[in-house]
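Here is the structure we will look at, set down as structure tokens.
If you read the sequence from its start, that first residue is 1, and numbering goes on from there. The analysis underlying the following values was restricted to heavy atoms, covering all of them including side chains, and did not include hydrogens, waters or symmetry mates.
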Amino acid sequence: MADTGTDTWWRGAAIYQVYLRSFADGNGDGIGDLAGLRARLPYLAELGVDAIWLNPWYPSPMADGGYDVADYRAIDPSFGDLAEAEAYIEEAHALGIRTIIDIVPNHGSDQQDWFVQALAAGPGSAERERFLFCDGREGGLPPNDWQSIFNGPAWTQVADGQWYLHLFAPEQPDFNWRNPEVVEEFHAILRFWLDRGVDGIRIDSAAVLFKDLDCVEESYTDHDDVHEVYRGWRRITDEYEGRFLVGEMWMPDQERFALYLRPDEMQTAFNFDFLSRSWDAAELRASIDLTLTTHVPIGAPPTWVLSNHDVTRPVTKYGRPDTSFSHQDRKHGMQTDPVLGERRARAAALLAMALPGGLYVYQGEELGLPEVEDLPDHLLQDPLWVRSGGTDRGRDGCRVPIPWSGKEPPFGFGAGTPWLPQPADWKNLTVESQQADQNSMLALYRDGLKLRRTHLGDGTLTWMDSAEGVLAFTRESLTCITNLTAGAMNLPPHTEVLLTSAPLEEGKLPTDTTAWLR
Ligand code: NOJ
């Protein structure tokens, strides 16, 4: 048994998010899988990432892209099987790449054995106690008026008249975290995967596990009791060397957020504040400062996230008149300037890579893939779309399968027709075409990640005096400058330019460009 974690590799790691269904398809069924991922591991090693975070890979009816887990100890047959998952973990390790898996503690699937048993056993049974079943109010009303995050009531009624709570889709019943059986079950699940060599656990919807059901308000996030759960999880991960927890909490209150990062809870959490800010120097600086003040005093490494499988792709987002992130930004036909968007996404990437702490890169971000906004309605699968009555396009547009090579779809994704269609003009965005181009987004990420590995990672930063609209800071041996003013600017004298997100113009740093200097 190892000690309590002398190997803190995750503090400054670059972690690549693989959305398995859309990464690479090894068996030609149009759905990405472990065989496809294994074949592409050399690409990720070459890109220079330290670890892969895999979205849920468990058996699932896919009512929410796998976040409706039917069995926490197995692999969905469309992805492979347990033996193949173990082989993948080992192969990745051999290439120096660690694996982080997604654990979904708030809810399971309505197809999970536990839920099926709960339905059969009826009201008052121990099986029902694993979930949040209640009687309704008079007049056939649900127990309270809470709305689900995916639209519509957060309660669904079953045949015997009781209601169960689901903060997300009805196919995702919430567990009862006041039941010790639930606590123990997740401890066993953690050990199951840690024993198989996974290096980290991403905790889905980490803040919402506990609810006061008699509360009329919608106050189901961030209950104080949740912290005891993560203390338990931390004790378990600390039994294994070099493992860590990363929490997914969308929480505006940074003081509350920091509570999850106390020394006996999670080591890290996703920083969504930075991701949510507009492309504006004051905004970004405020976010960086807020992040550092939240993390540094408690010894937790910050993380930097530009995108993931839940949000609009950066080149699309940054090309919009309003570049702040909101969950309302997925309506049809929003105006975007792709050239401006790409320029800013490149500058944002070098900025994020230079900041102290961990970095998350979502598959396709390194290719500058845009959000696919014109997917045909009948192919959309995201419950946000399905349950919104056509008002929210959902998140499928950032989940379109990766273009690897060739001149037309499926662009080397696999032999079959991809589960979501790729735009024909992605021929210019394939890995193959970008590998041949020194100025491509892929080249920028590869060069940036390499330099980052040598010069950056964990640590802190020192702001330099700079004009309004400019972000300038030093990290150990490196200086990072992002120009968000309307005109080109002079670089400090006597510096060597290591990398820029766009070419200099007559020795000056143009608008919406980041430079790394020494
Ligand atoms: C957060 C995940 O990132 C998202 O994709 C999912 O829909 C919800 N949690 C519910 O599990």
Side-chain angles (χ1 to χ4, degrees), residues 56-77 82 102-150 152-193 203-206 208-216 218 220 223 225-226 228-229 232-233 236 383 386-387:
W57 55 1
Y58 316 102
S60 166
M62 302 288 165
D64 180 21
Y67 283 94
D68 46 323
V69 180
D71 179 353
Y72 287 83
R73 293 177 180 82
I75 300 291
D76 193 83
L82 194 55
D102 218 313
I103 297 270
V104 189
N106 179 66
H107 45 267
S109 157
D110 63 350
Q111 305 297 309
Q112 191 201 9
D113 283 351
W114 268 17
F115 194 74
V116 174
Q117 290 160 10
L119 288 187
S125 62
E127 287 83 353
R128 282 220 172 165
E129 278 302 305
R130 295 165 174 161
F131 298 91
L132 295 166
F133 277 91
C134 291
D135 295 329
R137 288 171 292 175
E138 265 178 45
L141 292 172
N144 63 31
D145 291 329
W146 290 0
Q147 292 296 297
S148 96
I149 293 165
F150 289 162
W155 297 93
T156 290
Q157 195 168 25
V158 301
D160 53 55
Q162 278 209 312
W163 301 73
Y164 67 90
L165 182 76
H166 51 86
L167 293 189
F168 294 90
E171 294 88 345
Q172 297 167 290
D174 283 26
F175 291 115
N176 174 12
W177 276 91
R178 301 207 185 278
N179 182 343
E181 229 193 306
V182 171
V183 175
E184 275 155 34
E185 173 68 357
F186 274 88
H187 286 178
I189 292 165
L190 287 182
R191 288 186 196 283
F192 179 88
W193 291 107
I203 311 170
D204 184 69
S205 305
V208 303
L209 272 44
F210 287 82
K211 299 102 190 173
D212 285 328
L213 295 183
D214 46 10
C215 179
V216 210
E218 276 187 62
Y220 42 68
H223 197 290
D225 292 349
V226 79
E228 198 46 40
V229 171
W233 287 30
I236 290 172
V386 175
R387 303 179 53 75

*Decide whether Asp64 and Gln172 meet the rule of one side-chain donor and one side-chain acceptor closer than 3.5 Å.*
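Side chains of Asp64 and Gln172: pair found under 3.5 Å.
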*Distance from Phe133 atom CZ to Leu165 atom CG, nearest 0.5 Å?*
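Answer rounded to 0.5 Å: 10.5 Å.
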*From Phe168, Trp114, Phe115, residue fulfilling ring pair (Phe, Tyr, Trp, His ring centres under 6.0 Å) relative to His107*: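 Of Phe168, Trp114, Phe115, ring pair (Phe, Tyr, Trp, His ring centres under 6.0 Å) with His107 is met by Phe168 alone.
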*Hey, would you say the Tyr72 and Phe192 ring centroids sit under 6.0 Å apart?*
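Centroid separation for Tyr72 and Phe192: 6.0 Å or greater.
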*Which one of Asn144, Asn176, Asn106 satisfies the side-chain hydrogen bond (donor to acceptor under 3.5 Å, both in side chains) criterion with Lys211?*
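Looking at Asn144, Asn176, Asn106, the match for Lys211 under the side-chain hydrogen bond (donor to acceptor under 3.5 Å, both in side chains) is Asn106.
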_Salt bridge check, Arg130 against Asp174: does any charged N sit closer than 4.0 Å to a carboxylate O?_
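Salt bridge between Asp174 and Arg130, a charged N being under 4.0 Å from a carboxylate O: no.
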Ignoring hydrogens and angles, tell me if any N or O in the side chain of [X] forms a donor-acceptor pair with the backbone of [Y] under 3.5 Å.
{"X": "Asp68", "Y": "Glu171", "answer": "no"}
{"X": "Ser125", "Y": "Arg128", "answer": "yes"}
{"X": "Asp160", "Y": "Gly122", "answer": "no"}

_With heavy-atom distances below 4.5 Å as the criterion, would you say the side chains of Asp212 and His223 are in contact?_
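The answer is yes; the side chains approach within 4.5 Å.
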_Partner set under salt bridge (charged side-chain N to carboxylate O under 4.0 Å, His left out) for Glu127, not counting sequence neighbours_ =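 By the salt bridge (charged side-chain N to carboxylate O under 4.0 Å, His left out) rule, Glu127 matches no residue at all.
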*Applying salt bridge (charged side-chain N to carboxylate O under 4.0 Å, His left out), name anything that partners Glu129, two or more places apart in sequence or on another chain.*
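In terms of salt bridge (charged side-chain N to carboxylate O under 4.0 Å, His left out), with neighbours along the sequence ignored, Glu129 is linked to no residue.
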*Could you check whether the rings of Phe175 and Phe186 sit parallel, tilted or perpendicular, using 30° and 60° as the cut-offs?*
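Rings of Phe175 and Phe186: perpendicular, as their planes differ by over 60°.
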